[in-house]
Number of protein chains: 2
Amino acid sequence: MSLRYALLALLRVGPLSGYDLQKQFSLSVGHLWHAPGSQIYPELRRMEAEGVVLGEEQARGEKGMRRIYHVTPEGERLYHEWMRSPLDYLRVRDPAHLRAAYLETADPEDARRFLRGHIEEWQAELAQWEAEIARIDAGESPMLLRRLSVTPEAEREATIAYKRFAYEGMVERARTEIAWARRGLDLVDRLAAGRG
Amino acid sequence: MSLRYALLALLRVGPLSGYDLQKQFSLSVGHLWHAPGSQIYPELRRMEAEGVVLGEEQARGEKGMRRIYHVTPEGERLYHEWMRSPLDYLRVRDPAHLRAAYLETADPEDARRFLRGHIEEWQAELAQWEAEIARIDAGESPMLLRRLSVTPEAEREATIAYKRFAYEGMVERARTEIAWARRGLDLVDRLAAGRG
DNA sequence: CTCATCATGTAAGGAGTTACATGATTGG
DNA sequence: CCAATCATGTAACTCCTTACATGATGAG
């Protein structure tokens with residue numbers, strides 16, 4: 001149910017269309033929460049039906065139309081309720097570690113391929129998150145700048161600090177995954193050598 | 001689609017009923033992959049319809065019945081195909097880090113509550129995974145013993161090593177999450193102090 | 001006889017995926 | 001005029017969740 005709150009978090013900064021939101025998701029927030037257009041548009045409509053956002057029809061050229069969504073007071077209330085409420089954690093369901101637990105049933109070469117893939121996957125994510133941290137530090141994150149433009153001076157430090165903090169967490173997770181998979185590669189070698 | 005492979009991994013060791021599988025999931029494998037009965041039973045039926053397992057009807061008492069599932073050669077093939085194929089990683093969708101990125105919009109006390117909850121959540125998981133590692137080391141893991149009982153001597157070391165390796169990864173992830181949230185608590189304090 | 005546990009499900013719905021559909025506008 | 005991109009979706013499907021349904025068996 002977090003998609004709704006991710007949308008509210010973005011819209012609270014200022015009104016946006018579904019299309020704009022889609023872009024935000026594919027850039028900044030998308031590195032914490034992925035959402036495709038096919039999920040965003042219907043969710044916005046549902047949110048509008050429930051009164052948490054208000055869609056404003058805007059003409060664009062002759063016949064073009066776009067719908068700009070604003071957060072309503074009810075949406076504001078809902079957002080803060082979410083912020084105050086405990087998060088519900090999903091039950092663990094981890095395909096990589098599941099496979100790792102049964103790696104003795106694979107060829108050593110397949111085991112290595114799997115672990116290398118794991119490293120590559122997390123390195124790609126790591127690069128994204130590190131890049132976002134670099135943008136935050138350089139004052140170049142579009143999402144953060146948009147946020148800061150409506151943030152009173154007294155809260156800017158916290159806004160920047162928490163955003164950085166969130167991405168740091170992702171960076172640390174990625175590094176942990178990479179270190180683990182590297183140890184896995186050593187393990188495959190050691191076991192393969194042992195049976196030569 | 002990993003549920004199917006988790007089921008195959010368990011059934012390859014020896015035939016089990018849906019009920020037995022459910023128990024395995026709530027114990028050992030369940031710490032890597034959660035699955036409730038309402039998902040297991042239908043999936044077994046689908047797998048049987050597709051010929052990857054075979055259900056053997058067994059009488060139990062006067063009218064009681066249970067269905068014991070065996071992996072077929074096709075199931076064996078499918079399992080190894082999975083082991084050889086690259087994993088598909090899910091797009092990131094992390095409610096905790098999403099919330100962390102917007103923590104300046106919460107009360108400091110709510111922020112702390114959230115972070116403490118994060119620590120508790122991961123500490124609970126950590127305890128499970130550490131307990132499983134302790135059982136592996138003590139030779140008391142029921143799942144591992146079941147596996148070893150059908151594993152030739154030459155592969156026992158690898159079987160144990162990979163199982164431990166998988167759980168180590170989960171332990172490291174939990175420790176990373178806990179360390180991150182603790183830093184978050186410090187950050188909340190620092191920011192709250194800064195604004196008195 | 002009764003309670004825990006064995007045993008197997010169904011039903012309704014939420015959340016997310018992939019693929020497709022449709023058309024408008026703007027810049028070169 | 002043509003391509004990129006702006007703009008908004010639908011449809012079908014998978015996976016998973018919660019809640020409920022039903023009955024048998026075995027231990028005390």
Side-chain angles (χ1 to χ4, degrees), chain A residues 1-8 11 15-27 29-30 32-50 52-53 55-69 82 87-95 98, chain B residues 1-7 11 15-27 29-30 32-50 53 55-69 82 87-95 98:
Chain A
M1 248 317 225
S2 295
L3 170 59
R4 168 162 304 202
Y5 301 105
L7 290 168
L8 282 174
L11 289 176
L16 290 170
S17 67
Y19 189 79
D20 294 331
L21 283 161
Q22 217 180 143
K23 274 192 303 181
Q24 294 280 324
F25 273 99
S26 69
L27 302 173
V29 217
L32 299 177
W33 195 274
H34 167 79
S38 65
Q39 225 191 330
I40 293 171
Y41 287 108
E43 181 63 21
L44 286 169
R45 288 290 184 172
R46 270 192 299 271
M47 288 166 78
E48 185 170 16
E50 294 172 36
V52 307
V53 296
E56 172 202 358
E57 287 267 318
Q58 239 181 35
R60 181 173 161 274
E62 295 269 313
K63 301 181 227 166
M65 272 295 175
R66 55 192 233 127
R67 204 170 181 77
I68 311 290
Y69 289 94
W82 175 69
L87 220 52
D88 49 329
Y89 288 83
L90 296 177
R91 248 64 96 70
V92 54
R93 205 168 262 128
D94 191 310
L98 174 65
Chain B
M1 247 320 222
S2 295
L3 171 60
R4 168 162 304 201
Y5 302 104
L7 290 168
L11 290 176
L16 290 169
S17 67
Y19 189 79
D20 294 330
L21 283 162
Q22 217 181 144
K23 274 192 302 182
Q24 295 280 322
F25 273 99
S26 69
L27 302 173
V29 216
L32 298 178
W33 195 273
H34 167 78
S38 64
Q39 226 191 330
I40 293 171
Y41 287 107
E43 181 63 21
L44 286 169
R45 288 291 183 171
R46 271 192 297 273
M47 286 166 79
E48 185 170 15
E50 294 172 36
V53 297
E56 170 203 358
E57 286 267 319
Q58 238 181 36
R60 180 174 162 274
E62 294 270 311
K63 300 181 227 166
M65 272 295 173
R66 53 193 232 127
R67 204 169 181 79
I68 309 290
Y69 290 94
W82 175 67
L87 266 191
D88 49 330
Y89 288 83
L90 296 178
R91 247 64 97 70
V92 54
R93 204 168 261 128
D94 191 311
L98 174 65

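By convention in this document, chain letters (A, B, ...) are assigned in the order of the sequence lines, proteins followed by strands, and residues within each chain are numbered from 1. Just so you know, these numbers use all the heavy atoms, side chains as well, and skip hydrogens, waters and symmetry mates. Predicted model, so just to flag it, every value in this text is computed and none were measured.
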Could you pick out which residue, A/G61 or A/E43, lies toward the 5' side of DNA chain C when each is mapped onto its nearest nucleotide? A/E43

Where the side chain of B/Q22 is defined as all heavy atoms beyond and including C-beta, which of D/dT25, D/dG9, C/dT8 is the nearest nucleotide? C/dT8

I need the CZ-C1' distance between A/R67 and C/dG23, as an integer number of Å. 18 Å

Interatomic distance, B/Y41 OH vs D/dA21 P [rounded to whole Å]: 18 Å

Do you know which two heavy atoms are closest between A/P42 and A/G37, and how far apart they sit? CD-O, 4.0 Å

Pick the nucleotide of DNA chain C nearest each of A/R60 and B/K23; which residue has the one closer to the 5' end? B/K23

Which nucleotide wins on minimum distance to the side chain of B/R91, given the candidates C/dT17, D/dA7, D/dG9? C/dT17

Minimum-distance nucleotide to A/S17 side chain [options: D/dG9, C/dT25, D/dT8]: D/dT8

Atom CZ of A/F25 to atom C1' of C/dG16: distance rounded to whole Å? 13 Å

Checking the side chain of B/S17 only, and the main-chain atoms of B/D20 only, is there a donor and an acceptor separated by less than 3.5 Å? yes

Starting at CG of A/L44 and ending at P of D/dG9, how long is that distance when rounded to a whole Å? 9 Å

Between D/dA7, C/dT10, D/dT25, which nucleotide has the shortest distance from any of its atoms to the side chain of B/K63? D/dT25

Of all heavy-atom pairs linking B/R4 and B/R46, the shortest is NH2-CB, 4.2 Å

Which of C/dT17, C/dA7, D/dA7 is nearest the side chain of B/R66? It is C/dA7

By side-chain contact (heavy atoms from CB on, under 4.5 Å), which residues pair with A/V53, not counting sequence neighbours? A/L8, A/L11, A/M47, A/E48, A/Y69

Return the value, rounded to whole Å, for the distance between atom CG of B/L21 and atom C1' of C/dT8. 13 Å

Rounded to the Å, how far apart are B/Y19 OH and C/dA4 P? 13 Å

If you check every side-chain atom of B/Q39, which of D/dT18, D/dC15, D/dT25 has the closest atom? D/dC15

Let me know the distance between CZ of A/R46 and P of C/dG14, rounded to the nearest Å. 8 Å

Does a distance-only test, which skips hydrogens and angles, find a donor-acceptor pair under 3.5 Å between the side chain of B/S38 and the base of D/dT18? yes

For A/E57, I'd like to know if atom CD has over 12 heavy atoms of other residues, nucleotides or ligands within 6.0 Å. yes

Of all the nucleotides listed (D/dT25, C/dG9, D/dT17), which has the minimum atom distance to the side chain of B/E62? D/dT25

Length of the CZ-C1' vector between A/R45 and D/dA7, whole Å: 12 Å

